[in-house]
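Throughout, a chain's letter reflects where its sequence line sits, starting with A, and its residues are numbered from 1.
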There are 4 protein chains.
Amino acid sequence: MQQSTLVRLKENFELNKSILVVGLPGVGLVGKLVAEHLVDELGAEKIIEVYSPHFPPQVLVNKDCTVRPVSNIIYYAKVKENDVLFLVGDHQSTTSQGHYELCSLYLDIAQKFGVSRIYTLGGYPTGKLTCEDTVLGVANNTKLIEEIKEYGVEFRESEPSGGIVGASGLLVAFSKMRGIDAACLMGMTPGYLMDPKSAQSLLKVLCRIFGIEVNTESLEKKAEEMESILEKLKEKEEQQTIQEVKPTEEDLRYIG
Amino acid sequence: MQQSTLVRLKENFELNKSILVVGLPGVGLVGKLVAEHLVDELGAEKIIEVYSPHFPPQVLVNKDCTVRPVSNIIYYAKVKENDVLFLVGDHQSTTSQGHYELCSLYLDIAQKFGVSRIYTLGGYPTGKLTCEDTVLGVANNTKLIEEIKEYGVEFRESEPSGGIVGASGLLVAFSKMRGIDAACLMGMTPGYLMDPKSAQSLLKVLCRIFGIEVNTESLEKKAEEMESILEKLKEKEEQQTIQEVKPTEEDLRYIG
Amino acid sequence: MQQSTLVRLKENFELNKSILVVGLPGVGLVGKLVAEHLVDELGAEKIIEVYSPHFPPQVLVNKDCTVRPVSNIIYYAKVKENDVLFLVGDHQSTTSQGHYELCSLYLDIAQKFGVSRIYTLGGYPTGKLTCEDTVLGVANNTKLIEEIKEYGVEFRESEPSGGIVGASGLLVAFSKMRGIDAACLMGMTPGYLMDPKSAQSLLKVLCRIFGIEVNTESLEKKAEEMESILEKLKEKEEQQTIQEVKPTEEDLRYIG
Amino acid sequence: MQQSTLVRLKENFELNKSILVVGLPGVGLVGKLVAEHLVDELGAEKIIEVYSPHFPPQVLVNKDCTVRPVSNIIYYAKVKENDVLFLVGDHQSTTSQGHYELCSLYLDIAQKFGVSRIYTLGGYPTGKLTCEDTVLGVANNTKLIEEIKEYGVEFRESEPSGGIVGASGLLVAFSKMRGIDAACLMGMTPGYLMDPKSAQSLLKVLCRIFGIEVNTESLEKKAEEMESILEKLKEKEEQQTIQEVKPTEEDLRYIG
């Protein structure tokens, strides 16, 4: 354990001109779903573990009743000709200052591994129950914006108007000072529940960028399950106008 | 990115006997409106950027969909015979300790640039819907109070009775220990919404102090827009005694 | 007093292959009740005091009107052939970062005293008013799980599903990186009040592990007192359906 | 200004076997009222100013419209044959960790000035509208308890049962580790408003301890004013059973 953030690194690992994909928990878990899906489908290899006092003081229980601390993990995979790192994790920082500290750490790691481009993945909360299939973007330079538009990412003037909170935003903004191109890609989502459908839209764009195709079966299955949960919620809502509607305990397994 | 506060400084920049004007976000955004108006009208030059883990962990989106971190910026302009620095920004510190740390940093910068006088600008919340055209002041020595009275600033015994929270107050109080004259000038404002009208009153006083005149068209336009929003709010209030009144989404563009 | 955590250590104290039992305040005070009961019954000797700015800024008043700071204490006792350390205390950390810091400190101490196994004790909140006599477990490796099962500890797939918050969980997870076997043993408890009955179940398991028997009279007496308080609460609840039920001041002496 | 706590010390000041009296803001402002009254009546001399980022990020406005930072101040006075230091201030720490840090600092100062005894002053909240004239005590050793009883301080088994929060408690508990005798003396008070009457009772005890008499006119006048405010509040309460009662703005000048 540690007072300061602890980084455990697989040694003798060198990369050049690599790409970092960031999918930490956030709105609708869209970014996390996409990045973890790619880690699974590409058989990416774990190379870095990050433990931090800025994470919740909590441990998670595995299926076999062993426990593990909250962590952020970096995986590596060769994606066509590209060396790609995937940053995923259980939680983001619980404190403002921790967000800045961890993002600084991730950019140090990015520089160490010769990262020349970063894609952070997230959800764009619309507050509406049904969403377009759109992926919105922001970036840290206009040349990159022009390039990414080609892949079907939409850029809307001054959007998101409320800014972007957390690692997805900070990494894009601060990577500029380190000379790294970076963009944040956001799937549109109601923002209330885990949204594997929005994740599918975002995954499609990312695969286009990397020039690959991946099996999306597991995401589709999750999307169907969420769809049926939402259907049930809507039915209940119609039945009861006044009573408060709560998802059943089983439904809740899908949240978070 | 950084764990500690990061200062990016234009090199080879030296000043003597300069004046620092501080207009950070606060009550009614009065101080921010005035300082940013002067930066625009005087064509002031950006010389220092400050990024801090004490700001919200958030990025802002520009019109062209590029992003920028939350920051405080110092601009420079020659104002008649005076070298003037303008400190403006997106946010103040989100933590108590950050307020002290950032103010200490700003006073270090002030000393480095030979600042011999500081004016911090702010709003004085009255809680009433209509306000006088008055500008209230406090200062870190009585000689300065006598001098500033000449420009039409009012000084009321022990006012503001609740003290002054944030950078506007701390900079005035702590600059005394560094031998810098400092005053806080406050436009009276209801305190609920952005108040460009109060900003105009405060700007007038500041221009008198600097012996200059500036175009106030843009502030006047903003004031008219706010006026019409307030009119609408009052009308709605008269129509509905019980229903809760909310500004429309369009109205809200003017807040904050 | 201190800004950083202060450790006061009895000097010239060396152990080898020792066991650490952790019973800090938590759900139903189950772990604290068990560990303090063992400290009393075994006549364990105080060897370390820990004071920390992460504890509440508060002092406690002894019976004789002297005061003492909030602390965590480590006691030592020979339990059959084993050297056993007991970590008990008034409070856990009040901050997230403090949890990580203190757990790191406790593992440093554990290594210093050659601890090769850790048992953290806690309560498992069921939210129901009556509970089974079950003790649930998690551990930091599967071999240890198999061993502990022999003593009647139950291991349920992925349980507790919400993870474990605080020192009981962190110590088990992070001790793995230091090569220390560790398990968390949890008595099932409603989780609302101090639960000496659940503590008795947990104590039984722990005694089986150590191969000892201890007098449980004082725990039984506390359990009877709580039982009668709960009876009274239930009676009142039946009498008044609408009125809010509060335990009397006397009852409350038993809480916390 | 400073990131860390700043201590401004009058140089060449040495004491031996001195006494520290602590009256920082707390319940009913009892301790602060007593200590500041003594500072005034004894004409004590300011020798140390403490500024800290653990205080609120705020400045206070003097009668003449100059401002001053929130601070804690130490005054010195010769009281009969004793060298006495008085620690008073605008605020206590706003954070848990700040409480520990500042108390540690105050004990460092105490040791530097050869303090061999500390009295911290406070209020003991009863929650009842009328209070006894009693002064309750706790101390860091039983010998001191016996001594102080002689001056009319009451010691009640395990009281205050909820412990003591803040500097008054921490200073007494932690001074023991530094070999300094310390007691906390508490005037009984309803705890809702400033309580100059309770302060008078506490002052009487303290004067007995120091073997002095001081003019208490100003405290008596404050007590009469509060009495008349309370009378008005009670009258209003009788008139209106349902309406919420608020002290008038004028009344509030006496609070805090």
Item to check | Heavy-atom contact with chain B under 4.5 Å, split by part of D:Asn62 | outcome: backbone
Checklist outcome for this item: Bottom line for D:Pro56: the part with an atom under 4.5 Å from chain B's heavy atoms is backbone
Checklist outcome for this item: If one checks every heavy atom of B:Ile145 against chain D at 4.5 Å, the contacting part turns out to be side chain
Next on the checklist: Taking the ring of D:Phe113 and the ring of D:Tyr76, is the distance between their centroids below 6.0 Å?
Outcome noted: no
Checklist outcome for this item: In terms of heavy-atom pairs under 4.5 Å with chain D, the winner among B:Ala139, B:Gly169, B:Gly98 is B:Ala139
Checklist entry - Which one of B:Cys184, B:Ser158, B:Gly163 has the most heavy-atom pairs closer than 4.5 Å to chain D? => result B:Ser158
Item to check | Between D:Asp40 and D:Ser218, a side-chain donor and acceptor under 3.5 Å | outcome: no
Item to check | Modelled atom types, side-chain donor and acceptor of D:Thr95 and D:His54, under 3.5 Å | outcome: yes
Checklist entry - What closest approach, in Å, do D:Gln92 and D:Phe55 show between heavy atoms, and which atom pair accounts for it? => result O-CD2, 3.8 Å
Checklist entry - Near D:Glu217 CD, under 6.0 Å, is it more than 12 heavy atoms from other residues, nucleotides or ligands? => result no
